[in-house]
2 protein chains.
Amino acid sequence: MALLRTREAVVQRFRTVLSRHGLTEQQWRILRALDGHEGLEISLLAEQCRILLPSMTGILRRMEQRGLVRRYANQADGRSIRVRLTETAQALVEEIKPEVVGVYAEIERILGQRKLEQLYALLEELEAGLLEGGRRSGAV
Amino acid sequence: MALLRTREAVVQRFRTVLSRHGLTEQQWRILRALDGHEGLEISLLAEQCRILLPSMTGILRRMEQRGLVRRYANQADGRSIRVRLTETAQALVEEIKPEVVGVYAEIERILGQRKLEQLYALLEELEAGLLEGGRRSGAV
DNA sequence: TATTGTTATACTCTATAACTATA
DNA sequence: TATAGTTATAGAGTATAACAATA
């Protein structure tokens, strides 16, 4: 249960930071995924952010209304739609980054650098394995 | 971001298992917290599960309607209410446990026992530190 | 026919403020 | 006055199925 419980404590930290800027955790994942990209297809974005497509539609609609993202058509394939950040969104990401870094700094203060790196490595390995397994055998 | 991203993969595993039994992650946390206890006060339960009281009211109402928990008054203090599992709920917990263990087994298969223990220890330490810090300095 | 994305629908949780009743 | 819990509200994400447009 440790992962689930700890997650709750960590996520609440992030939610506090993000909600001050009117963002949810999912919206932040989308901002981060799009940051530094010319534009991503919605289905690719959904996969990277681990958000289902119907949820994605709603989340992107809210973000678009708020002027954070823009949809634009893909000339090569009329079905697919790409999304990219507006300048407003890029500025917002830069504004929030330091605060998010603050949360990580708190974590590092608690664990120390060596253990934080250990934790990070373990999580990466676990994530890779879970995705791999998920692809192979479907959801557990 | 590793913790947030990995969390998503892990949580989706659990959600898959739990939703087959019509449970949410929060309801599972409550079931686990109450399992093996005579009864817990709602505010204590909320703290342990990291769920806000107003959310708790709704979640408990749904669980009570489904016959999983029962509220009963505290004679010593007319304001506080205790909650405990019904036999149905206890049977359900026993039924689900092996499946949840299956998810942990998958994690152990990915990381190996030694690394899993490492991960567990790091998370425990992080959680304790976050709670400590949260109590001391407020959110973030 | 298969794929990309949206719509429809119903449910659950989050979060804040206001309120009730006990203490 | 303070505490335990509920109610009222509004908003947001999850999940499944059905659908439209394009390939």
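All chains are named by letter (A, B, ...) in the order of the sequence lines, taking the proteins before the strands, and each is independently numbered beginning at 1. A quick note: this is a predicted structure, and the numbers were derived from the prediction, not measured.
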All pairs passing salt bridge (Lys or Arg N to Asp or Glu O under 4.0 Å) where residues 54-70 of chain B contributes a residue, at least two apart |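 Pairs touching residues 54-70 of chain B that pass the test: B:Glu64-B:Arg71.
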Find the distance [X]:[atom1] to [N]:[atom2] and express it as a whole number of Å.
| X | N | atom1 | atom2 | answer |
| --- | --- | --- | --- | --- |
| A:Ile42 | D:dT22 | CD1 | P | 15 Å |
| A:Leu52 | D:dA18 | CG | P | 17 Å |
| B:Arg50 | C:dA15 | CZ | P | 14 Å |
| A:Leu45 | C:dG5 | CG | C1' | 13 Å |
| B:Gln26 | D:dT14 | CD | P | 12 Å |
| B:Phe14 | C:dC13 | CZ | C1' | 19 Å |

All pairs passing side chain to side chain donor-acceptor pair (under 3.5 Å) where residues 86-96 of chain B contributes a residue, at least two apart |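 Pairs touching residues 86-96 of chain B that pass the test: B:Glu94-B:Lys97.
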Reading nucleotides 18-23 of chain C from 5' to 3' and marking B where a protein heavy atom lies under 4.0 Å of the base, S where only the sugar-phosphate is that close, and - otherwise, the string is ----BS
*Give, ordered by number, those residues of residues 53-65 of chain A having at least one heavy-atom distance below 4.0 Å to an atom of DNA chain D; if nothing qualifies, reply none.*
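Listed by number, they are A:Pro54, A:Ser55, A:Ile59, A:Arg62.
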Could I get the full list of side-chain contact (heavy atoms from CB on, under 4.5 Å) partners for A:Gln26, not counting sequence neighbours?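 If we apply the side-chain contact (heavy atoms from CB on, under 4.5 Å) test to A:Gln26, skipping adjacent residues, the hits are A:Thr24, A:Arg29, A:Ile51, A:Ile59.
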- [ ] List for me each residue that meets side-chain contact (heavy atoms from CB on, under 4.5 Å) alongside A:Leu116, sequence neighbours excluded, and say none if there are none.
- [x]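 Scan of A:Leu116 (side-chain contact (heavy atoms from CB on, under 4.5 Å), adjacent residues dropped) gives A:Ile107, A:Glu108.
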Find which nucleotide of DNA chain C each of B:Thr24 and A:Ser19 is nearest to by heavy atoms, and output the residue with the more 5' nucleotide.
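Nearer the 5' end of the strand: B:Thr24.
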Look at [X] and [N] and indicate whether a side-chain polar atom (N or O) is within less than 4.0 Å of OP1 or OP2.
| X | N | result |
| --- | --- | --- |
| A:Gln27 | D:dA12 | no |
| A:Arg15 | C:dC13 | no |
| A:Ser80 | D:dT22 | no |
| B:Arg71 | D:dT6 | yes |

> Among all residues two or more places apart in sequence or in another chain, which pass the salt bridge (charged side-chain N to carboxylate O under 4.0 Å, His left out) test with A:Arg82?
Replying inline: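 Checked A:Arg82 against salt bridge (charged side-chain N to carboxylate O under 4.0 Å, His left out); zero matches.
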Among residues at least two apart in sequence or on other chains, which ones pass salt bridge (charged side-chain N to carboxylate O under 4.0 Å, His left out) with A:Arg79?
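A:Arg79 satisfies salt bridge (charged side-chain N to carboxylate O under 4.0 Å, His left out) with A:Asp77 once adjacent residues are dropped.
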Notebook entry, point to check: Who are the side chain to side chain donor-acceptor pair (under 3.5 Å) partners of B:Glu41, not counting sequence neighbours?
Noted result: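 Expected list: none.
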